[in-house]
Amino acid sequence: MVDGGEPGRVLALRAEFARVMAGRYTQAVQQVTGRTVVALLSQAHVDPDIIVEVFFLDRRFGSTVTGGVAEVIDLPEAGRRA
């Protein structure tokens, strides 16, 4: 569709897929991490072809990949503005 001149349709399809799958993705991340997902951001780009899913978790978690805590930005309590 992109080559056919309809990148907007590709982005719309990807956005709809992300919306439909958000619950399943969130559940899987929560099961694997043992944490609560407080937000999920999903973004798609056409050229270059990139899709990003970002999960914000309720607290810090250890990482076997980095050997410790992943880089974390402390966020204010839910419902409270900084």
Side-chain angles (χ1 to χ4, degrees):
M1 285 193 293
V2 171
D3 291 341
E6 299 188 59
R9 289 185 64 193
V10 172
L11 293 174
L13 179 62
R14 289 178 177 177
E16 181 65 12
F17 181 81
R19 185 191 65 76
V20 169
M21 296 300 293
R24 185 179 293 182
Y25 291 161
T26 296
Q27 184 179 32
V29 168
Q30 290 179 155
Q31 182 179 358
V32 169
T33 64
R35 304 298 191 262
T36 299
V37 173
V38 296
L40 165 58
L41 302 179
S42 181
Q43 184 65 49
H45 193 270
V46 174
D47 186 19
D49 191 15
I50 299 170
I51 297 176
V52 177
E53 305 289 338
V54 180
F55 296 86
F56 292 86
L57 306 176
D58 63 342
R59 61 181 192 254
R60 296 174 187 243
F61 66 99
S63 171
T64 57
V65 175
T66 62
V69 175
E71 182 178 349
V72 174
I73 299 170
D74 288 322
L75 300 173
E77 296 283 329
R80 192 182 94 208
R81 299 274 180 204

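In what follows, residues are counted from 1 in the order of the sequence shown. In this text, all values refer to a predicted model and were calculated from it rather than measured experimentally.
- Atom OG1 of Thr26 is separated from atom CD of Glu53 by 9.0 Å, given to the nearest 0.5 angstrom.
- Glu16 contributes atom CD, which lies 13.5 Å from atom CG of Leu11 (distance to the nearest 0.5 angstrom).
- In this structure, Val54 and Val52 have side chains that are in contact, with non-hydrogen atoms separated by less than 4.5 Å.
- Using a distance-only test at 3.5 Å, with no hydrogens or angles considered, a donor-acceptor pair links the side chain of Arg14 to the main chain of His45.
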*Evaluate side-chain contact (heavy atoms from CB on, under 4.5 Å) for Val29 paired with Leu57, printing each intermediate quantity in order.*
CA-CA 9 Å; Val29 168; Leu57 306 176; 3.9 Å; yes
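- Minimum interatomic distance between Ala22 and Leu40 (heavy atoms only, all atoms of both residues): CB-CD2, 3.7 Å.
- Shortest non-hydrogen contact noted between Gln30 and Arg35 is CG-O, 3.1 Å.
- Checking side-chain atoms of Asp58 against main-chain N and O of Thr36 turns up a donor-acceptor pair under 3.5 Å.
- Residues Val46 and Leu13 share a hydrophobic cluster, clusters being chains of Ile/Leu/Val/Met/Phe/Trp/Tyr side chains in contact below 4.5 Å.
- Residue Val20 is not grouped with residue Tyr25 when hydrophobic side chains (ILVMFWY) are merged at heavy-atom distances under 4.5 angstrom, including chains of intermediate members.
- For the residue pair Val37 and Phe55, the shortest heavy atom distance occurs at CG1-CD2, 4.0 Å.
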